[in-house]
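Following: one structure in structure tokens, then a few remarks.
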Amino acid sequence: MNVEAGSVGDAPTRPDWARGPVRPVLGASSCDVWRIDLEALALAGGGDPEHSPLDAAERERARRFVFDRHRRWYTAARTALRSIVGGYLGLEPAAVPIELEELGRPRLALDGLPVALREAHGAAGPLDFNLSHTDGLALLAVAHGGPLGVDVEQLREMNDTEALARRFYTGDEIDRVLGSAGLARQRAFFLCWTRKEAVLKSTGVGLTVSTRSVHVGATPESRTLDFRSKQSVVPLVLHSFEVRDGAFGACAVAPAVTRLAFHDFGPGLG
């Protein structure tokens, strides 16, 4: 589907999620957004780090989780990431080379690709990806060249939305949250939060940039903005959408990306 802004009241519309192909093909002006049910994947055998395609560093991180559900979800998320990215590259999940940028953002390690694949892959721009998860739900965005950021949040009741909005938001974002009540306030708060996270994750600078310095709005319309950090000014286009009932997502992409496609990894989530 082409990128379109849309909303129902104060909530974004839900795109057409459909089960994604095993061997996806990514257009130069496209971004694929994958929805992943981590608990379903874990129950199907994808939650055990010792019997997974994770590398040694990922398995070690999985072992450090205190709660078993967090270990399952982390393992399932990394398994899905490797499986999906491997599908684009024609590689087995365990063979997908992943490295960390300076501030910890995962990326494809081009030096770890076979030479022929590296050359073919580089012609279209390096494949970039970004992963986000909340409890047992994850989103993975994949595009050529970046910048690229994605975030997902489950709506939930919070008693301190006013204080948090004043601390992390700015201007009309604060007004939108404080001017709402009940479910509308939850929607405005988490909609704005997903948008800020997607932008902050798009270049890997994360929370080294103040959330108050990034104006994204607390309404679901698509928005073009310049993301300013100490290193650079990066133009982005920001999109919001409903992931499932009670969960919002946002994706920040380069202006050259004119199409978002929405896929389910494994069984559809409805």
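FYI, side chains are in, hydrogens and waters are out, and symmetry mates aren't considered; it's all heavy atoms of this structure. Please read these numbers as outputs of a predicted model, since none were measured by experiment.
- With hydrogens and angles disregarded, no donor-acceptor distance shorter than 3.5 Å links the side chain of Arg212 to the backbone of Thr170.
- Using a cut-off of 4.0 Å between Lys/Arg side-chain N and Asp/Glu carboxylate O, Asp264 and Arg19 are scored as not salt-bridged.
- When atom types are taken as modelled, the side chain of Arg176 and the backbone of Thr219 share no donor-acceptor pair closer than 3.5 angstrom.
- At a threshold of 4.0 Å, the pair Glu58-Arg61 does not count as salt-bridged, since none of the basic side-chain nitrogens sits closer than that to a carboxylate oxygen.
- When atom types are taken as modelled, the side chain of Arg59 and the backbone of Ser52 share a donor-acceptor pair closer than 3.5 angstrom.
- Here the side chain of Arg82 pairs a donor or acceptor atom with the backbone of Val96 at under 3.5 angstrom.
- Residue Met158 comes nearest to Leu164 through the heavy atom pair CE-CD1, 3.5 Å, listed as atom of the first residue, atom of the second, then distance.
- Two residues are said to be in side-chain contact when any heavy atoms from C-beta on lie closer than 4.5 Å; Ser222 and Leu238 fail this criterion.
- Taking 4.5 Å as the limit, some side-chain heavy atom of Leu236 sits within range of a side-chain heavy atom of Ser202.
- A donor-acceptor contact shorter than 3.5 Å links the side chain of Thr79 to the backbone of Thr75.
- Pro220 has its side chain within reach of Leu191: a pair of non-hydrogen atoms, C-beta onward, lies under 4.5 Å apart.
- Checking Ser213 against Arg228 by side-chain atom types alone, no donor-acceptor pair falls below 3.5 Å.
- Under a hydrophobic clustering in which Ile, Leu, Val, Met, Phe, Trp and Tyr are joined whenever their side-chain heavy atoms come within less than 4.5 Å, directly or via other members, Leu200 and Leu100 fall into different clusters.
- Under the 4.5 Å side-chain heavy-atom criterion for ILVMFWY residues, no single connected hydrophobic cluster contains both Phe65 and Leu38.
- Partners of Glu92 according to the salt bridge (Lys or Arg N to Asp or Glu O under 4.0 Å) rule, which considers only residues two or more places apart in sequence or in another chain, do not exist here.
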Side-chain donor-acceptor contacts of residues 147-154 below 3.5 Å, not counting sequence neighbours, with atom names and distances?
residue	atom	partner	partner atom	Å
Asp151	OD1	Ser132	OG	3.1
Gln154	NE2	Gly246	O	3.0

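- A chain of hydrophobic side-chain contacts below 4.5 Å, direct or via other Ile, Leu, Val, Met, Phe, Trp or Tyr residues, connects Ile174 to Phe190.
- Side-chain contact between Val216 and Cys192 is present, with at least one heavy-atom pair separated by less than 4.5 Å.
- For Lys201 (side chain) and Leu131 (main-chain N/O), a donor-acceptor pair under 3.5 Å exists by modelled atom type.
- Although no hydrogens or angles enter the test, the distance criterion places no donor-acceptor pair under 3.5 Å between the side chain of Glu242 and the main chain of Phe248.
- A search for side-chain hydrogen bond (donor to acceptor under 3.5 Å, both in side chains) contacts involving Arg223 returns His215, not counting sequence neighbours.
- Taking the six-membered ring where tryptophan is involved, the planes of Phe265 and Trp34 are perpendicular, since the angle between them exceeds 60° and thus also 30°.
- Annotation for Glu50: atom CD counts as buried by contact number, over 12 foreign heavy atoms lying within 6.0 Å.
- With hydrogens and angles disregarded, no donor-acceptor distance shorter than 3.5 Å links the side chain of Ser29 to the backbone of Thr258.
- A salt bridge does not link Asp160 with Arg167: every distance from a Lys NZ or Arg NE/NH1/NH2 to an Asp or Glu carboxylate oxygen is 4.0 Å or more.
- A side-chain donor-acceptor contact under 3.5 Å links Arg185 to the backbone of Leu178.
- Aromatic ring pairs are classed by plane angle as parallel below 30°, tilted from 30° to 60° and perpendicular above 60°; the pair Trp193 and Tyr169 is tilted.
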